[in-house]
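This report refers to the structure that appears directly beneath it.
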Amino acid sequence: MPTTDRRQLTVDRYIQWGGHLLFAVLMAVGLLRAVQDTASNNLAAVPGATALAGWYLFGVMAITVRHKQIAVMWTLVLLAGWAVLTVFAPDFIWLAFVLAMLAWHFLPRALAIPAELVIAAVAVAASLATEPEGAGAVVGPVIGIATAVAVTEAVRRVIDASAARDALLQELASTQLRLAQTERETMLAAERERMGGEIHDGVGQALAGIVMLLQSATDRSSPPPQQRAQALTALDMATSALAQTRGFLRSLDTPTVAPDELLEGLSAAVEQARRLGLPTELHVHGDAAGLDHEVRATLLRTAQESLANAVRHAHAKRAVVTLTVLDDEVHLDVVDDGRGFDPSHTGGHGTGFGLAALLARVERAGGTATIETDLGDGTTIGVCLPLPTPTEGAR
C-alpha cells in the first residue's frame with residue numbers, strides 16, 4: 001500500500017476512534033441520568049439505549065477498509081435508533097453532536113445533508129420538551145450540529161490536502177528519478193559515442209591500415225623487398241597504434257591534443273596515407289598553436305578519418321590536406337580524386353560510422369562540416385570551426 005494511503009487510513013482511524021470515545025462518554029452520561037431520574041419513565045429507555053450501544057459496537061467492529069460499504073446502512077440505522085430513543089428519553093440529546101460528526105463523515109453528501117437536518121430537528125424537539133420556553137433550546141442544538149459538521153469538514157479537507165501534497169511530493173520524487181535516469185542514459189550514450197569515435201579514428205584506422213599492408217605483404221606476386229617494406233611499415237603502424245591506445249587510456253576522462261601535437265598528428269596522418277599507397281600533401285596556412293584543445297582534436301580526427309576513407313574506399317591516386325587558420329575561424333579541407341560516393345548512402349563502402357562520428361564531433365565543437373562528392377568525381381570534406389575573438393578570450 002502506498003505511503004499516502006497508509007497515512008490517510010491511519011488518520012481516518014484516529015477520527016473514527018475519537019468519535020467512538022465521545023459516543024461512549026455521552027451514552028454513559030445519558031444512561032446515568034436516565035437511571036437517576038426516577039421521577040420519569042426514562043428508566044424504561046435503558047433497554048433501548050443498550051440496544052443502540054450494541055449496534056454501535058457492532059459497527060465499530062465491522063467497519064474496516066474491507067467492510068466500509070456497510071457504513072452508510074449502519075449510520076442510518078444508528079440515527080433512526082437514536083431518534084426513537086430520544087423521544088422517550090430526552091437525556092440522550094447529547095449524542096446529537098457525535099452523531100452529526102459520524103453522519104457527515106460516513107454518509108455521501110446527498111444523504112448527509114438531510115440527515116443533519118433530521119438530527120437538528122430531533123435535537124431541537126427533545127430540547128424543547130425539557131425547556132419549552134428557553135431560546136437556547138433551539139439555538140443550542142443548531143449551533144452544536146453546525147459546529148460538528150464544520151469541524152468534521154475541516155478535518156476532512158486537511159486530510160485531503162495532506163494526501164494531495166504527499167501524492168504531489170511522490171510524483172515529484174518519481175519525476176526527479178526519471179530525469180536523473182534519463183540524464184545518466186544520455187551521458188552514457190554520449191560517452192559511448194565519444195569513445196567509439198576516438199577508437200575508430202585512431203586505433204581503428206591504424207588497424208585497418210595494418211590489415212591492408214599485411215594483405216599486400218603476404219601476396220606472393222609482390223617482390224620480396226616490397227613485402228619486407230610493407231611488413232616493416234605494418235610493424236611501425238602497430239607500434240604507433242599501441243602508443244595511441246595507451247595515451248587514450250591515460251586521458252580517458254578528458255582526451256586532448258596538445259598544441260604541438262596537431263601539426264605532428266596531421267603530418268603523421270599524411271605519412272600513414274603515403275605508406276598505404278596514397279600520395280598526400282599537407283599545406284598549413286596560419287598559426288595553429290593557439291587553437292582550443294577541442295578544435296585541435298576535431299581537426300586531427302577529421303583528417304585521419306577523411307584520409308582513411310580515401311585509402312580504403314575511394315582508391316584515390318592523390319590527396320591534399322589544407323589547414324587554414326584565420327582570426328575568427330579555422331578551416332580544414334581534405335580533397336581526394338577517388339571514385340567518390342553517393343552522399344545519401346554513406347554506408348555503401350563501409351559501416352558509415354566514421355562519417356557519422358565526424359559530423360557529430362564537428363557539431364559538438366560548434367562548427368559546420370560539408371561533404372562534396374559524387375560517384376566518379378572524387379570527394380572534398382571541409383570543416384569550419386569558429387574561434388574566439390580576442391575580446392571573448394580576454395573575458
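Residue indices begin at 1 and follow the sequence shown. Any value given below was found using the heavy atoms of this structure, including those in side chains, with hydrogens, waters and symmetry copies removed.
Counting only heavy atoms from C-beta outward, the side chains of V325 and H285 never approach each other to under 4.5 Å. Contact check for L387 versus L326: no side-chain heavy atoms found under the 4.5 Å cut-off. Put simply, the side chain of W94 does not reach to within 4.5 Å of the side chain of M27, judged on heavy atoms. Between P108 and V72, some side-chain heavy-atom pair lies under the 4.5 Å cut-off. Counting only heavy atoms from C-beta outward, the side chains of V124 and V142 approach each other to under 4.5 Å. Counting only heavy atoms from C-beta outward, the side chains of T298 and L358 never approach each other to under 4.5 Å. Using a 4.5 Å cut-off on side-chain heavy atoms (C-beta onward), L78 and L52 make contact.
The backbone N or O of T280 sits less than 3.5 Å from a side-chain atom of R274, completing a donor-acceptor pair. Here the side chain of D336 pairs no donor or acceptor atom with the backbone of A319 at under 3.5 angstrom. Between the side chain of T186 and the main chain of R184, no donor-acceptor pair closer than 3.5 Å is present.
Between L332 and A303, the closest heavy-atom pair is CD2-N, 3.9 Å. Across every non-hydrogen atom of A103 and A112, the tightest pair is O-CB, 4.0 Å. Closest approach of L79 to A115, counting heavy atoms only: CD1-CB, 3.9 Å. Closest heavy-atom contact between P114 and A110: CD-O, 3.2 Å. The shortest non-hydrogen separation linking L385 to G367 is CD2-CA, 3.6 Å. Closest non-hydrogen pair, P141 versus A123, comes out as CB-CB, 3.7 Å.
Put simply, the residue from D337, D374, T373 that forms a side-chain hydrogen bond (donor to acceptor under 3.5 Å, both in side chains) with T379 is T373.
Inspection of the R275 and Q272 side chains reveals no N or O donor paired with an N or O acceptor under 3.5 Å. Side-chain atoms of N309 and E305 form a donor-acceptor pair, as typed in the model, at a separation below 3.5 Å.
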Decide yes or no on side-chain contact (heavy atoms from CB on, under 4.5 Å) for V320 and D333, but give the supporting numbers first. CA-CA 8 Å; V320 178; D333 299 293; over 6 Å; no

Show, in sequence, the C-alpha distance, side-chain angles and deciding distance for L177 and Q181, and conclude whether the side-chain contact (heavy atoms from CB on, under 4.5 Å) test is met. CA-CA 6 Å; L177 289 176; Q181 180 65 24; over 6 Å; no

Could you walk me through whether V330 and V295 pass the side-chain contact (heavy atoms from CB on, under 4.5 Å) check? CA-CA 9 Å; V330 57; V295 172; 3.8 Å; yes

Apply side-chain contact (heavy atoms from CB on, under 4.5 Å) to I381 and T370, showing your working. CA-CA 6 Å; I381 296 179; T370 58; over 6 Å; no

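Summarising the geometry, atom NE2 belonging to H293 is positioned 13.5 Å from atom CG belonging to L262; distances are rounded to the nearest 0.5 Å. Interatomic distance, CE of M73 versus CG of L107, reported as 12.0 Å (0.5 Å rounding). Rounded to the nearest 0.5 Å, atoms OG1 (T152) and CE (M101) are 4.0 Å apart. Within the model, atoms CD1 of I371 and OG of S306 stand 8.0 Å from one another, a figure rounded to the nearest 0.5 Å. Here the OG1-CG distance, from T75 to L111, works out to 10.0 Å after rounding to the nearest 0.5 Å. Remark: F97 CZ to L102 CG distance equals 10.5 Å, nearest 0.5 Å.
Residues passing the side chain to side chain donor-acceptor pair (under 3.5 Å) test with E363, sequence neighbours excluded: none. Checked against side chain to side chain contact (heavy atoms under 4.5 Å, CB included), V284 has the following partners two or more places apart in sequence or in another chain: L263, L282, L323. Listed by chain and number, the residues in a salt bridge (charged side-chain N to carboxylate O under 4.0 Å, His left out) with E171 are R178 (sequence neighbours excluded). Looking at residues two or more places apart in sequence or on another chain, you find a side chain to side chain contact (heavy atoms under 4.5 Å, CB included) between E372 and T380. Among residues two or more places apart in sequence or in another chain, the side chain to side chain donor-acceptor pair (under 3.5 Å) test is passed with E329 by H331.
Using a 4.0 Å cut-off between a side-chain N of Lys or Arg and a carboxylate O of Asp or Glu, R318 and E281 qualify as a salt bridge. Taking a cutoff of 4.0 Å between a charged side-chain nitrogen and a carboxylate oxygen, E153 and R109 qualify as a salt bridge.
Note on F106 and L26: same hydrophobic cluster, where clusters join Ile, Leu, Val, Met, Phe, Trp and Tyr whose side-chain heavy atoms are under 4.5 Å apart, directly or indirectly. Grouping the Ile, Leu, Val, Met, Phe, Trp and Tyr side chains by contacts below 4.5 angstrom, directly or via other members, places V270 apart from V335. Transitive grouping of hydrophobic side chains (ILVMFWY, heavy atoms separated by less than 4.5 Å) keeps V151 and V158 in distinct clusters.
Relative to the ring axis of W104, R156 does not place its NZ or CZ within 45° and under 6.0 Å from the centre.
Aromatic ring centroids of Y56 and W74 lie under 6.0 Å apart.
Contacts classified as side-chain hydrogen bond (donor to acceptor under 3.5 Å, both in side chains) and involving residues 80-89 (residues at least two apart or in different chains) are given here: W82-T86.
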